[in-house]
Undergrad: 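My questions will all concern the structure given below.
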Amino acid sequence: MASSSGNDDDLTIPRAAINKMIKETLPNVRVANDARELVVNCCTEFIHLISSEANEICNKSEKKTISPEHVIQALESLGFGSYISEVKEVLQECKTVALKRRKASSRLENLGIPEEELLRQQQELFAKARQQQAELAQQEWLQMQQAAQQAQLAAATASASNQAGSSQDEEDDDI
C-alpha cells in the first residue's frame with residue numbers, strides 16, 4: 001500500500017483527480033481529509049490488485065501486453081464480476097472517443113486528396129513563391145539601377161553646370 005512519503009507518492013492516483021470524482025459523485029456531502037486520503041489509498045490498492053491479476057492472466061496466455069480482456073478476466077477472478085457490464089460500457093465509450101480523436105487528428109485523410117497530389121500542390125506553391133521572390137528581387141535591382149543612372153545623370157548635369165558657370169565667370173573676368 002502506498003504511503004504519503006518518499007517515492008511511494010508516484011504510485012498513487014493524483015489527489016486532485018480523486019477530489020474531483022468525490023465532488024462530482026457526492027456534490028452535497030463534505031468529506032474529511034483523512035477520508036479522502038483513505039479513498040486515494042483504496043483506489044491505488046484496487047488498481048494495483050487488478051493490474052497484478054491482469055498481468056498474471058496476460059503472462060499465462062503468453063502475451064506481452066495487457067489487453068482489456070485480461071482486465072475483465074482479472075475482475076471476474078477477483079470476485080468483481082458485477083462490475084464487468086459497466087466496465088465493458090466504459091471500454092466501448094473509450095474506444096469511440098479514441099476513434100473520434102484519430103479521425104479528427106488525421107486532417108490530411110479527411111481532405112480526400114491523395115498524399116501525392118498534396119505533395120504536388122505543395123511543390124507548386126513553393127515554385128510560385130520562389131518565382132515571386134525572384135521577380136521582387138529583379139524589380140528591386142532595376143530600381144537600384146535606375147536610381148544609379150539618375151544619380152549619374154544628375155552628377156553629370158551638375159558638373160556641366162559648374163563648368164558652364166565657371167566658363168561664364170572667366171568671360172566676365174575678361175571684360
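Everything numeric here is computed off the predicted structure, so don't read it as measured data. Side chains are part of it too, since the values below use all heavy atoms of this structure and drop only hydrogens, waters and symmetry mates.
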Undergrad: Are side-chain heavy atoms of I18 and P14 found at a separation under 4.5 Å?
TA: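 No, too far: nothing below the 4.5 Å cut-off.
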Undergrad: Under the 4.5 Å side-chain heavy-atom rule for ILVMFWY, direct or indirect, which residues accompany L142?
TA: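 When side chains under 4.5 Å apart are linked, the cluster holding L142 also contains W141.
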Undergrad: Has T44 got a side-chain atom pairing as donor or acceptor with V40's backbone, closer than 3.5 angstrom?
TA: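 Side chain of T44 to backbone of V40, a donor-acceptor pair under 3.5 Å: yes, one is there.
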Undergrad: Take atom CD of Q133 as the centre, draw a 6.0 Å sphere, and report whether it contains more than 12 heavy atoms from other residues, nucleotides or ligands.
TA: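 12 or below, so no.
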Undergrad: Decide if atom CD of E86 counts as having more than 12 heavy atoms of other residues, nucleotides or ligands within a radius under 6.0 Å.
TA: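 No, not enclosed.
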Undergrad: So do the side chains of E56 and H70 get within less than 4.5 Å of each other, counting heavy atoms only?
TA: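 They are not in contact (no side-chain heavy atoms under 4.5 Å apart), so the answer is no.
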Undergrad: Give a yes or no on whether the backbone of V31 and the side-chain of R36 come within a donor-acceptor separation of less than 3.5 Å.
TA: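 Judged by distance alone, yes, a pair lies under 3.5 Å.
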Undergrad: Could you grab the distance from atom OG1 of T25 to atom NZ of K20, nearest 0.5 Å is fine?
TA: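 With rounding to 0.5 Å, OG1 (T25) is 11.0 Å from NZ (K20).
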Undergrad: If hydrophobic clusters are built by linking Ile, Leu, Val, Met, Phe, Trp and Tyr wherever their side-chain heavy atoms come under 4.5 Å apart, do I50 and I13 end up in the same one?
TA: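 No, separate clusters.
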Undergrad: Scan side-chain atoms only and decide if E135 and Q131 contain a donor-acceptor pair under the 3.5 Å cut-off.
TA: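 A pair is found: one side chain offers a donor N or O, the other an acceptor, under 3.5 Å apart.
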Undergrad: Hey, does L119 have a side-chain heavy atom less than 4.5 Å from the side chain of Q122?
TA: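 Yes, at least one pair of side-chain atoms sits under 4.5 Å.
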Undergrad: Are E116 and R120 ion-paired here, with the side-chain N under 4.0 Å from a carboxylate O?
TA: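 No, no charged N to carboxylate O under 4.0 Å.
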Undergrad: Looking at side-chain heavy atoms only, is the closest gap between C58 and T65 below 4.5 Å?
TA: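 The answer is no, as the side chains (C-beta and beyond) never meet within the 4.5 Å cut-off.
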Undergrad: May I ask whether I66 and F46 are part of the same hydrophobic cluster, defined by side-chain heavy atoms of I, L, V, M, F, W, Y residues being less than 4.5 angstrom apart, directly or through others?
TA: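 The answer is yes; both residues are in one hydrophobic cluster.
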Undergrad: Looking at residues at least two apart in the chain, or sitting in another chain, which of them share a side-chain hydrogen bond (donor to acceptor under 3.5 Å, both in side chains) with E53?
TA: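 side-chain hydrogen bond (donor to acceptor under 3.5 Å, both in side chains) list for E53, sorted by chain: S77.
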Undergrad: For residues L49 and V87: do they belong to one hydrophobic cluster (side chain heavy atoms under 4.5 Å, members Ile, Leu, Val, Met, Phe, Trp, Tyr)?
TA: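 As far as the 4.5 Å side-chain criterion goes, V87 and L49 are connected within one cluster.
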Undergrad: With a cut-off of 6.0 Å (strictly less than), are more than 12 heavy atoms of other residues, nucleotides or ligands near OH of Y83?
TA: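 Check fails, neighbour count at 12 or below.
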Undergrad: Hey, quick one: are V39 and L26 part of the same hydrophobic cluster, counting side-chain heavy atoms closer than 4.5 Å, chains of contacts allowed?
TA: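 Yes, V39 connects to L26 through the hydrophobic network.
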Undergrad: Test your reading of the model: is there a side-chain donor-acceptor pair from S51 to the backbone of H48, 3.5 Å cut-off?
TA: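 Answer holds: yes.
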Undergrad: Can you measure from CG (L91) to OG (S67) and round to the nearest 0.5 angstrom?
TA: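 The distance works out to 9.5 Å.
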Undergrad: At what distance, to the nearest 0.5 angstrom, does CD of Q138 lie from CD of Q143?
TA: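 It is 11.0 Å, given to the nearest 0.5 Å.
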Undergrad: How long is the straight-line distance from SG of C43 back to CZ of R15, given to the nearest 0.5 Å?
TA: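 Output value for this atom pair is 11.5 Å.
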Undergrad: Report the distance from atom CG of N55 to atom NZ of K64, rounding to the nearest 0.5 Å.
TA: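 It comes to 13.0 Å.
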Undergrad: Following the transitive rule for hydrophobic clusters with a side-chain heavy-atom cut-off under 4.5 Å over Ile, Leu, Val, Met, Phe, Trp and Tyr, establish whether V97 and L99 coincide in one cluster.
TA: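 Per the 4.5 Å side-chain linkage, V97 and L99 are not co-clustered.
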Undergrad: What heavy-atom pair brings A54 and A74 nearest, and what distance separates the two atoms?
TA: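 Where A54 meets A74 most closely, the heavy atoms are N-CB, 3.6 Å.
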Undergrad: Taking atom types as modelled and ignoring hydrogens, do the side chains of E117 and Q121 form a donor-acceptor contact shorter than 3.5 angstrom?
TA: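 Indeed, the side chains of E117 and Q121 share at least one donor-acceptor pair under 3.5 Å.
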